[in-house]
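A short worksheet on the structure shown next.
No experiment lies behind these values; they were computed from the predicted model shown. Lettering of chains follows the sequences in order, A, B, ..., and the numbering in each one begins at 1.
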Number of protein chains: 2
Amino acid sequence: MPIPRAAQTQRRTRIQEAKEEQILEAALDVFSMHGFRGATIDQIAEVAGMSKPNLLYYFRTKEAMHRALIERVLDTWLDPLRAFDAEGSPEAEIRSYIRRKLEMARDFPRESRLFANEVLRGAPLIEDALKGPLKLLVDEKAEVIRAWAKAGKIAKCDPYHLIFSIWSTTQHYADFDVQVRAVLGQEKAGEGRFEDAARYLEQLFMGGLAISK
Amino acid sequence: MPIPRAAQTQRRTRIQEAKEEQILEAALDVFSMHGFRGATIDQIAEVAGMSKPNLLYYFRTKEAMHRALIERVLDTWLDPLRAFDAEGSPEAEIRSYIRRKLEMARDFPRESRLFANEVLRGAPLIEDALKGPLKLLVDEKAEVIRAWAKAGKIAKCDPYHLIFSIWSTTQHYADFDVQVRAVLGQEKAGEGRFEDAARYLEQLFMGGLAISK
DNA sequence: CAATAATTTGACCGTTTGGTAAACATTACA
DNA sequence: TGTAATGTTTACCAAACGGTCAAATTATTG
């Protein structure tokens, strides 16, 4: 009797772990490109190099696959913000936050696009996470920023929109990668574009927040 | 014999114009939310309040619908950048560019999301437009910005990444609207959020470019 | 080894999908 | 008003879709 892994009691064999990884890897490819509704199990199976029923042996539904991916991404996606430290200096913290986010856009563009696709369709799967844990985390960090402004360490500004602007400028290099490359052209679109972006963004935010070097 | 409008010779009746508008309006709803592959003709027909074959009488394929939408959006989407004037002052030009882009995010969020969806899936329909006309336009405006920097009117910075950062920060309020609302919470997520964003972004860019008021 | 459990697949099912055919309804206009 | 062009809908089709099933294969273990 085939007992789908998901419904099982405890131990996961090595083969299970490997196959699930293999599936999620393929699913990330497809979901990040076409969104939940635009993705098909057949295509994921093809990318994963296994048969569709085999895929459905590990994840019972398409939604289960998507949910597993989203949860994993959401979890790690906010790490940079969590690392934002109230005790550090504004310059160092904001600088490294930008850098970390930009590194994620460079190293995990599919994860960024998966998230973007989910939000674009109204975020039905992560609405609660956005209104709950995410909001809480942002509220907390916004308070830190506000305190910095009050203490005269940075210019007075809306901390929420500051965070939004860091998110958007950095994630842009993952979500709109095709456009960025097209506009930069062959010469300027090499991997160096991330260094250029980092330099520019640090300049922008340091200046915009009136943080003198 | 039914002759689909698209293949017709010249005159478009009033009813044609109206129905096509009605269809594109519905299609924009669906495509902007679920992307090309995630959208279905049935759903568009339902939103448009007409039967599927009727819809296909005006647009012969799903792709024709999508293409019509994309082309229209692409055309108007770049108007703000075209309005970017080399003769104006850096402060006024950049300010009004930000403002215009932000207004578009506020007034035409679906168009922004349609575009985002298209780029996310690799921009197969607009690849040429991106590499050709768009790149040309950006190259031209980048040159203007570079000249301003050379003349000491603004801080030296990468003009391409400057443009990217204006695109991303403004479009963020359309594409990630759900997330923005969730994070801001009920009190701060009213229509005033666009004014707050405008104020913040102008401050950011004026400071970041070392443009003193 | 035997036998039991876990894994994999080809064949299949009901539904949804993009799209068509043809009949029917409506409008435009001589 | 009559008639031809335009517009609309019902019924339908083949392919693709998400998912199931039972049989076959492979791994695990007593």
* A:L55 CG to C:dG10 C1', straight-line distance once rounded to whole Å -> 16 Å
* Could I get the full list of side chain to side chain donor-acceptor pair (under 3.5 Å) partners for B:K141, not counting sequence neighbours? => none
* Presence of A:Q16 side-chain N/O under 4.0 Å of C:dT7 phosphate oxygens OP1/OP2 -> yes
* To do: Using the test side chain to side chain donor-acceptor pair (under 3.5 Å), find all partners of B:S112 that sit at least two apart in sequence or belong to another chain.
  => B:D175
* All side chain to side chain donor-acceptor pair (under 3.5 Å) counterparts of B:R110, not counting sequence neighbours -> B:E25, B:D29
* **Phosphate OP1/OP2 of C:dA6: any A:K19 side-chain N/O under 4.0 Å** => no
* Asked: Near DNA chain D, under 4.0 Å by heavy atom, which residues of residues 61-73 of chain A?
  -> A:T61, A:K62
* In chain order, what residues pass the ring-ring contact (aromatic ring centres under 6.0 Å, His included) check against B:H34, with sequence neighbours excluded? -> none
* **Presence of A:Y57 side-chain N/O under 4.0 Å of C:dT8 phosphate oxygens OP1/OP2** => no
* Asked: Are the side chain of B:Q22 and the backbone N or O of B:A48 linked by a donor-acceptor pair below 3.5 Å?
  -> yes
* **DNA chain D contacts made by residues 22-54 of chain B, counting heavy atoms under 4.0 Å** => B:S51, B:P53, B:N54
* Structure fact -> From CZ of A:R60 across to P of D:dC21 the rounded distance in Å is 12 Å
* Asked: Please, which pairs that meet ring-ring contact (aromatic ring centres under 6.0 Å, His included) have at least one residue in residues 175-203 of chain A, sequence neighbours excluded?
  -> A:H172-A:F176
* Please name all residues satisfying ring-ring contact (aromatic ring centres under 6.0 Å, His included) with A:F205, sequence neighbours left out, ordered by chain then number. => none
* **A:D139: side chain to side chain donor-acceptor pair (under 3.5 Å) partners, not counting sequence neighbours** => A:K135, A:Y160
